[in-house]
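Written out below as structure tokens is the structure these notes cover.
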Number of protein chains: 2
Amino acid sequence: MRRRNTPAKEAVLEVLKKAGKALNHETVQDNLSIDIDRATVYRVLNRFCDDGILHRVVAEDGKQYFAVCSKCDSEKHSDNHFHFRCTGCNTLECLPTPVQFTVPDGYLAESINCIINGRCKNCA
Amino acid sequence: MRRRNTPAKEAVLEVLKKAGKALNHETVQDNLSIDIDRATVYRVLNRFCDDGILHRVVAEDGKQYFAVCSKCDSEKHSDNHFHFRCTGCNTLECLPTPVQFTVPDGYLAESINCIINGRCKNCA
DNA sequence: TTTATTATTGCAACAAAATCGCATTAAAAG
DNA sequence: CTTTTAATGCGATTTTGTTGCAATAATAAA
Ligand SMILES: [Mn+2]
Ligand SMILES: [Mn+2]
Ligand SMILES: [Zn+2]
Ligand SMILES: [Zn+2]
């Protein structure tokens, strides 16, 4: 199933690259340079996640946030870092800080989802 | 607005106490000893959170999980610890491990939401 | 015990986030 | 240019959670 290059893909990725932070669907949609259907934007975002281009974080507001992967492999998402969600501007950024943790005996950790909520530099 | 004791409140709390872990709405509903309306269960859970009886965690599956507070004050929820969500039995537990973190200069941290996903001892 | 007050409930409607079915469109391979 | 099928648009649907409102019932007052 070879991927095709389309205006929708380019437009979505452009928005996320320009933002430099993770955005939720609504924010992506609002910043698109061309008109794309809602469902298509969702599908593009999901495909990018499958392909290791974006990674997805679910925040306390119940929404999915998408960010361009920097240290992620297309085989495996590296997301062992903290995320900071600003309640002011609805963005979410990957912090460099790695998350240190252990699990109880017999437990098996598969992935983590660590978010710090607050105000970013601009919104503080 | 003085709270009243009702069968619905008792039943919901009984389920959560017996579980000893955080459960989402659906799981609470499925384990009730009496028949209670969906909306009522949601309202009971929210009221318990307001009153500092339960605390709420939003997981990667986009659902809210509710757990009986142990170290929480009725004034302020103490939730600076990791949570473990088992993808096998759909439960979520508070781990004793506190979360260590720092935020970039100028950023203001207000709350955290840290979840480790994987398999619990029973489901590993 | 009886009555009054109003928190709580049930039910249906609603809202928001995300997904899905399906016919149509358009990348890109040949 | 033709063919193949990934990607799109559009509407319907699902899932999670909230809300309006009339009816019910817990609790305080009489
Ligand atoms: Mn990240
Ligand atoms: Mn907790
Ligand atoms: Zn901000
Ligand atoms: Zn389990």
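A, B, ... follow the sequence lines: proteins, then strands. Residue 1 opens every chain.
Between the side chain of B:R38 and the base of C:dG10, no donor-acceptor pair under 3.5 Å is found. Contact of B:R4 with C:dT6 (side chain to base): a donor-acceptor pair of N or O atoms is detected under 3.5 Å.
Inspection of the B:N24 and B:T27 side chains reveals an N or O donor paired with an N or O acceptor under 3.5 Å. For A:E60 and B:N113, the side-chain atoms include no donor-acceptor pair closer than 3.5 Å.
OP1 or OP2 of D:dA7 has not a single side-chain nitrogen or oxygen of A:T6 nearer than 4.0 Å. The phosphate of D:dT18 has OP1 or OP2 within less than 4.0 Å of a side-chain N or O from B:N46. Taking only side-chain nitrogens and oxygens, B:N5 comes nearer than 4.0 Å to OP1 or OP2 of D:dT27. Listed pair B:R47 / C:dT9 meets the phosphate criterion, a side-chain N or O lying under 4.0 Å from OP1 or OP2. Of the side-chain N and O atoms in A:Y42, one or more sit less than 4.0 angstrom from OP1 or OP2 of C:dA18. Distances shorter than 4.0 Å separate some side-chain N or O of A:R3 from OP1 or OP2 on D:dA7. A close approach under 4.0 Å does occur between a side-chain nitrogen or oxygen of A:T40 and OP1 or OP2 of D:dG9.
Across all strands shown, B:A39 has heavy atoms under 4.0 Å from base atoms, whether or not it also approaches the sugar-phosphate. Among the protein residues, B:E26 comes within range of no part of the nucleic acid, since none of its heavy atoms lies under 4.0 Å from any strand.
Aromatic rings from A:F84 and B:Y107 are positioned such that their centres are separated by under 6.0 Å.
If you measure from atom CG of B:D61 to atom P of C:dA17, you get 17 Å, rounded to the nearest angstrom. Atom pair B:R2:CZ and D:dA26:C1' shows a separation of 13 Å (rounding to whole Å applied). The distance between atom CG of B:L32 and atom P of C:dG10, rounded to the nearest whole Å, is 10 Å. Separating the CG atom of A:D37 from the C1' atom of C:dT25 is a distance of 14 Å, rounded to the nearest angstrom. Here C:dG10 presents its P atom at 9 Å from CZ of B:R43, a figure rounded to the nearest Å. Here the C1' atom of nucleotide D:dT24 and the CD1 atom of B:I34 are 14 Å apart, to the nearest Å. Between the CZ atom of A:R56 and the C1' atom of C:dA18 there is a distance of 10 Å, rounded to whole Å. Remark: P of C:dT8 and CZ of B:F48 are 10 Å apart, rounded to the nearest angstrom.
Looking at A:K9, its side chain does come within 3.5 Å of a backbone N or O of A:R4 through a donor-acceptor pair.
Among all heavy-atom pairs drawn from A:V28 and A:V12, the shortest one is CG1-CG1, 4.2 Å.
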